[in-house]
Peer 1: 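Before anything else, here's the structure in question.
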Amino acid sequence: MTRPIRLFNTLTRRVEALEPLSPGVVTLYTCGPTVYNFAHIGNLRTFLFQDLLKRTLRAAGLEVRHCMNITDVEDKIIRDSQKELPAEADNAARHGAMKRLTDQFTQAFFDDLEAVAIPQASFTHLPRATQYIPKMIELIGRLEAKGLAYAREGSVYYRIAGLPHYGCLAHLDREGMKQGTSVDSDEYERESVSDFVLWKAFKPGEPSWDSPWGPGRPGWHIECSAMGMELLGERIDIHSGGVDLIFPHHENEIAQSEGATGHTWVNHWVHGEFLLVEGEKMSKSLGNFYTLRDLREKGIDPITFRYAIQSNHYRKLYNFGFEGLKAAKNALDRIRTFRKRMEGNGETSGGGEWKEALEPLRRIDQAREDFWQAMADDLNTPEALAAIFTLVSDLNAQDDRAALTREERDAALAFLEETNAIFAGWPHEEASLDAEVEALIEARKAAKAAKNWAESDRIRDELKAMGILLEDRKDGSVGWKKA
RNA sequence: GGCGCCGUAGCCAAGUGGUAAGGCCGCAGACUGCAAAUCUGCCAUUCAUCGGUUCGAUUCCGAUCGGCGCCUCCA
């Protein structure tokens, strides 16, 4: 069974039903990182949104073929990787230096993704730009043959004037586009200032590849068109990225791909909003620039960050702050605690105040329906989470009154598992046994039995100092969790 | 100048032409040797302001104020 999903489409600026080109299969291309530094939490928000989209589509019963590029040749990469090299370094040395830098940050990037529950294995294709240079050259050649590209002094430019619908994604018209006043010194030869570069002529001190136009390297925009068309096809279902990529990057991708094929390339364009830090755009100069490593040093679980991001809608600005993370942690714990309660057999249940009897199985079905209605409506995660919390409250109340049956607990667990497949925040956790902790707990039990409160409290404080919070339950058992 | 977005309780955040989901915090209660943890209950006559349309608007329209984005590299 597949569930219908509706998504906002930047092209039409409306929420539209996703109708895969091939029934049951969705091709998804997302713009990946430029690997010259560690990803920051703003980058991560975008990748989390794309993961949410992918997981939702898969949970809805669709097969998702997801391609994300790794941009490993680009201005900043060249700047950072070449500065240690002597002027006489040859091309092989320059490529080697570039590869060392990008390999390092590519690995760091995947480490970060894994930490926020985006497994590398969830991607179908992870192409590196440098591995697709021939495809880019081929695509530029197609454009040139159609009169949509022209070479000037070793560089090749896209002729915007040749594509009437240029601007359709960003909703910019030719007249509305502010005419650039500053023209890069090396790009004075363009026919129009709006024409963008497809192939950059070789410059001393840069790594290069041979091409029909002489040595050089690909422009940034051509990478995505070439890799996306090669790996997912000349028509794909969804392309996504951060809002900042709408113009010019995605607009240019449309120009390149549709210029070459003569038909629509992407049906659904989906863009994720930015993240602000304490109300301001993240920047190094403001001192509010964070990577996942920074958060970890502050003791923040990357999964808590993931939850915080996903508790807001992807098309709204998210104002990151540490108080918000605290709230996220507490909210997440509520669901996790509930899961553990459902995994148990009702030993902590019953004895509560009388409440109106619920019909647990029907409530669970209702929650599932509400959850999916929200997710299917342009990934409305705040509302989807509300469906989960409402169920948690309802079933807690019922379980307080009289223990839920095994069947009801299992049904609740199935729902939690289903939602966890998307949110990745409340997986089943094996109760980890720690001999030292267990021994201290036993010692405290003995002290309590002897009514030696001082000793009992001392042990409790000792455990607290170790980051272990004890739970004295109603039935006399003692549980614990990490703070 | 052109094209857009946003303004909902202390904080975060959904939503609808018919009278405000959910989370956090806070308060009260249950439980406890006391706590913590956990659970329960309570917590916006009101949705930036002013007009208009309507039987009725937070939701539609207009204006105003405030915050922001894109039109150049940026997730």
Peer 1: Are OP1 or OP2 of G15(B) and a side-chain N or O of Asn380(A) less than 4.0 angstrom apart?
Peer 2: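 Asn380(A) to G15(B) OP1/OP2: side-chain N or O found under 4.0 Å.
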Peer 1: Can you find a donor-acceptor N/O pair under 3.5 angstrom joining the side chain of Arg460(A) to the base of A36(B)?
Peer 2: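 Flag unset: no donor-acceptor pair detected.
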Peer 1: OP1 or OP2 of A14(B) sitting under 4.0 Å from any side-chain N/O of Lys316(A)?
Peer 2: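 Yes, because at least one side-chain N or O of Lys316(A) sits under 4.0 Å from OP1 or OP2 of A14(B).
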Peer 1: Using a 5.5 Å cut-off between ring centres and planes within 30 degrees, is Trp453(A) stacked on the base of G33(B)?
Peer 2: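 Stacked: centres under 5.5 Å apart, planes under 30°.
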Peer 1: Consider only side-chain N and O atoms of Asn452(A) and Glu455(A), and report whether a donor and an acceptor are under 3.5 Å apart.
Peer 2: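 No pair is found: no donor N or O on one side chain lies under 3.5 Å from an acceptor on the other.
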Peer 1: Rounded to whole angstrom units, what separation is found between the OH atom of Tyr318(A) and the C1' atom of A13(B)?
Peer 2: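 Interatomic distance, OH of Tyr318(A) to C1' of A13(B): 11 Å.
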Peer 1: Provide, to the nearest angstrom, the distance between the CG atom belonging to Asp370(A) and the P atom belonging to A14(B).
Peer 2: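 These atoms are roughly 17 Å apart.
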Peer 1: Using atom NE2 of His171(A) as one end and atom P of C5(B) as the other, report the distance to the nearest whole Å.
Peer 2: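 Rounding to the nearest Å, NE2 of His171(A) and P of C5(B) are 10 Å apart.
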Peer 1: Closest-nucleotide mapping onto RNA chain B: is Asn319(A) or Phe338(A) further toward the 5' terminus? I mean the 5' end.
Peer 2: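 It is Asn319(A) whose nearest nucleotide is closer to the 5' end.
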Peer 1: Taking the side chain as C-beta and beyond, is there a heavy-atom pair between Arg306(A) and Ile309(A) under 4.5 Å?
Peer 2: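 Sidechains of Ile309(A) and Arg306(A): no contact.
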Peer 1: Given His66(A), which of Thr124(A), Thr27(A), Thr30(A) fulfils the side chain to side chain donor-acceptor pair (under 3.5 Å) condition?
Peer 2: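 Answer after filtering Thr124(A), Thr27(A), Thr30(A): Thr30(A).
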Peer 1: Nearest 0.5 Å please: distance from the OH atom of Tyr29(A) over to the OG atom of Ser257(A).
Peer 2: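 If I round to the nearest 0.5 Å, the distance is 9.5 Å.
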Peer 1: Rounded to the nearest 0.5 Å, what separates atom CG in Asp378(A) from atom CZ in Arg6(A)?
Peer 2: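 Between Asp378(A) CG and Arg6(A) CZ, I get 9.0 Å after rounding to 0.5 Å.
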Peer 1: Given atom CZ of Arg444(A) and atom C1' of G33(B), what is their separation to the nearest angstrom?
Peer 2: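 In whole Å, G33(B) C1' lies 11 Å from Arg444(A) CZ.
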Peer 1: From the list G2(B), C34(B), C73(B), which nucleotide is the closest neighbour of the side chain of Lys76(A)?
Peer 2: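 Closest nucleotide to the Lys76(A) side chain: C73(B).
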Peer 1: Report the C-alpha distance between Tyr290(A) and His40(A) in whole Å, list the side-chain angles of each, state the deciding distance to 0.1 Å, and finish with yes or no for ring pair (Phe, Tyr, Trp, His ring centres under 6.0 Å).
Peer 2: CA-CA 6 Å; Tyr290(A) 297 108; His40(A) 60 248; over 10 Å; no
Peer 1: Watson-Crick or G-U wobble partner for G66(B), using a 3.5 Å limit on both distances?
Peer 2: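 Pair assignment: G66(B) / C6(B).
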Peer 1: Base, sugar-phosphate alone, or nothing: which one does His249(A) contact when heavy atoms must sit under 4.0 Å apart?
Peer 2: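 If one applies the 4.0 Å heavy-atom cut-off, His249(A) turns out to touch nothing in the nucleic acid.
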Peer 1: With a 3.5 angstrom cut-off on both distances, give the Watson-Crick or G-U wobble partner of A20(B), or none if there isn't one.
Peer 2: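 In the structure as shown, A20(B) has no Watson-Crick or wobble partner.
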Peer 1: Hunt down the Watson-Crick or G-U wobble partner of U53(B), both distances under 3.5 Å, from any strand shown, or write none.
Peer 2: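 Result: none.
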Peer 1: With rounding to whole Å, what would you report as the distance between G23(B) and G15(B) at their C1' atoms?
Peer 2: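 Comparing C1' positions in G23(B) and G15(B) gives a spacing of 15 Å.
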Peer 1: Rounded off to whole Å, could you give me the CG-to-P distance for the Asp244(A) and C5(B) pair?
Peer 2: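 One finds 18 Å between P of C5(B) and CG of Asp244(A), rounded.
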Peer 1: Could you measure between the two P atoms, the one in C60(B) and the one in C5(B), and give it in whole Å?
Peer 2: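 That atom pair is separated by 12 Å.
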Peer 1: Pick the C1' atom in A14(B) and in U58(B), then give their distance to the nearest Å.
Peer 2: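 Those two atoms are separated by 13 Å.
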Peer 1: Indicate for each nucleotide in nucleotides 19-27 of chain B, in 5' to 3' sequence, whether protein heavy atoms under 4.0 Å reach the base (B), only the sugar-phosphate (S), or nothing (-).
Peer 2: --BSSSS--
Peer 1: Using the P atom in both, what is the distance from C47(B) to C42(B), to the nearest Å?
Peer 2: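 Here C47(B) and C42(B) have their P atoms 23 Å from each other.
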Peer 1: Rounded to whole Å, how long is the line connecting atom CD of Gln50(A) with atom P of A75(B)?
Peer 2: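 My rounded result for the distance is 12 Å.
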Peer 1: Can you check whether any acceptor in the base of A35(B) is under 3.5 Å from a donor in the side chain of Asp472(A), or vice versa?
Peer 2: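 Indeed, a donor on one side and an acceptor on the other fall under 3.5 Å apart.
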Peer 1: Under 6.0 Å from the six-membered ring centre of Phe8(A) and within 45° of its axis: does the NZ or CZ of Arg315(A) meet both?
Peer 2: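 Cation-pi check for Arg315(A) and Phe8(A): passes.
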Peer 1: Which whole number of Å gives the distance between the C1' atom of G69(B) and that of U54(B)?
Peer 2: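 Looking at atom C1' only, G69(B) and U54(B) are 34 Å apart.
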Peer 1: List the steps, then state whether side-chain contact (heavy atoms from CB on, under 4.5 Å) holds for Leu169(A) with Phe247(A).
Peer 2: CA-CA 8 Å; Leu169(A) 182 68; Phe247(A) 193 91; over 6 Å; no
Peer 1: If I pick the P atom on U8(B) and the same atom on A13(B), what distance separates them, to the nearest angstrom?
Peer 2: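 Each nucleotide's P atom is 9 Å from the other's.
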Peer 1: Please name the nucleotide paired to G1(B) by Watson-Crick or G-U wobble geometry with both distances under 3.5 Å, or report none.
Peer 2: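 WC or wobble partner is C71(B).
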Peer 1: When you match Gly42(A) and Ala454(A) each to their closest nucleotide on RNA chain B, which lands nearer the 5' end?
Peer 2: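 The 5'-side residue here is Ala454(A).
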Peer 1: Could you tell me how far A21(B) sits from C43(B) if I compare only their P atoms? Round to whole Å.
Peer 2: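 Result for the P pair: 11 Å, nearest Å.
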Peer 1: Quickly work out the Phe8(A) CZ to A14(B) C1' distance and round it to whole Å.
Peer 2: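 Atom CZ in Phe8(A) sits about 18 Å away from atom C1' in A14(B).
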Peer 1: Answer with base, sugar-phosphate or nothing: what part of the nucleic acid does Ile246(A) contact at a heavy-atom distance below 4.0 Å?
Peer 2: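 It contacts nothing in the nucleic acid.
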Peer 1: Return the pairing partner of C34(B) with a 3.5 Å limit on both distances, Watson-Crick or G-U wobble; otherwise return none.
Peer 2: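 Because no pair has both required distances under 3.5 Å, C34(B) counts as unpaired.
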Peer 1: Does Lys281(A) place a side-chain N or O at less than 4.0 Å from the phosphate oxygens OP1/OP2 of C70(B)?
Peer 2: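 It does, given that an N or O in the side chain of Lys281(A) lies less than 4.0 Å from OP1 or OP2 of C70(B).
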Peer 1: Using the six-membered ring wherever Trp is involved, compare the ring planes of Trp269(A) and His271(A) and label them parallel, tilted or perpendicular (cut-offs 30° and 60°).
Peer 2: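 If you compare the ring of Trp269(A) with that of His271(A), the planes turn out parallel.
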Peer 1: For Asn252(A) and His249(A), what are the C-alpha separation, side-chain angles and deciding distance, and is it a side chain to side chain donor-acceptor pair (under 3.5 Å)?
Peer 2: CA-CA 5 Å; Asn252(A) 291 352; His249(A) 185 54; over 6 Å; no
Peer 1: Counting the atoms with a prime plus P, OP1 and OP2 as sugar-phosphate, which does Pro33(A) contact under 4.0 Å by heavy atoms, base, sugar-phosphate, or nothing?
Peer 2: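 The residue Pro33(A) makes no contact with any strand.
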Peer 1: When all nucleic acid strands are considered with a 4.0 Å heavy-atom cut-off, which category describes Thr381(A): base, sugar-phosphate, or nothing?
Peer 2: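 Thr381(A): no heavy atom of the nucleic acid under 4.0 Å.
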Peer 1: I need the CZ-P distance between Phe47(A) and A75(B), as an integer number of Å.
Peer 2: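 Atom-to-atom, Phe47(A) to A75(B), this comes out as 8 Å.
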